[in-house]
Amino acid sequence: MNKSSKVLRGFGIVLPIPLVSTVVFFLLAQSDPCYIDKAMWSLGIFSLVVVCFTMYFKEVVIKGNWSNIPFFFRFVWWLIFMMNSFNFIYLFMTTFIF
């Protein structure tokens, strides 16, 4: 097994953890509103992991073949990257700066 598939498997293991915890915290927040902050931070951690995964995928897996990738795939990649980046930045700024 090469290094790239090990890292992708690692992302596959790490990615569901904040996603499941986000769902659990949102369900708990229905009865106790103090869990909403934990749910938002769990969603922020999920966004950060997705951003790391998309950067890794572009820079290590695809490397110099980015121009050979179909436009639709690049468009979806940029959407995923920007939405998750903005989500994490917004959460970070509203928690620590504002």
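Just so you know, these numbers use all the heavy atoms, side chains as well, and skip hydrogens, waters and symmetry mates. In this chain, residues are counted from 1 in sequence order.
- Listed for the S42 side chain is no donor-acceptor partner under 3.5 Å among the backbone atoms of A39.
- Residues W66 and V61 share a hydrophobic cluster, clusters being chains of Ile/Leu/Val/Met/Phe/Trp/Tyr side chains in contact below 4.5 Å.
- In this structure, the separation between CD1 on I45 and CG on L15 is 12.5 Å, given to the nearest 0.5 Å.
- Proximity of V50 to F53: side-chain heavy atoms (C-beta onward) are nowhere separated by under 4.5 Å.
- Between the CZ atom of F92 and the OG atom of S47 there is a distance of 14.5 Å, given to the nearest 0.5 Å.
- Note on ring orientation: taking the six-membered ring where Trp is involved, the planes of F11 and Y56 are tilted (angle from 30° to 60°).
- Grouping the Ile, Leu, Val, Met, Phe, Trp and Tyr side chains by contacts below 4.5 angstrom, directly or via other members, places L91 with F96.
- Within the model, atoms OG1 of T22 and CE of M40 stand 9.0 Å from one another, a figure rounded to the nearest 0.5 Å.
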**Message:** Would F25 and L28 count as a side chain to side chain contact (heavy atoms under 4.5 Å, CB included) here? Give the steps.
**Reply:** CA-CA 5 Å; F25 285 136; L28 288 172; 4.3 Å; yes
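- There is a path of hydrophobic side-chain contacts, each under 4.5 Å, that joins V14 to V60.
- Looking only at side-chain heavy atoms (C-beta outward), I36 and F26 come within less than 4.5 Å of each other.
- When every heavy atom of W77 is checked against every heavy atom of M55, the shortest pair comes out as CZ2-N, 4.3 Å.
- Ring geometry for F81 against W78 counts as perpendicular: the plane angle is over 60°, on a 0 to 90° scale with 30° as the lower cut.
- Transitive grouping of hydrophobic side chains (ILVMFWY, heavy atoms separated by less than 4.5 Å) brings V76 and F73 into a common cluster.
- Using a 4.5 Å cut-off between side-chain heavy atoms of Ile, Leu, Val, Met, Phe, Trp and Tyr, with links allowed through other members, V20 and Y35 fall into the same hydrophobic cluster.
- The line from CD1 of I89 to OG1 of T94 is 11.5 Å long, rounded to the nearest 0.5 Å.
- Residue L79 holds its CG atom at 11.5 Å from OG1 of T54, rounded to the nearest 0.5 Å.
- Two residues are said to be in side-chain contact when any heavy atoms from C-beta on lie closer than 4.5 Å; I69 and I62 meet this criterion.
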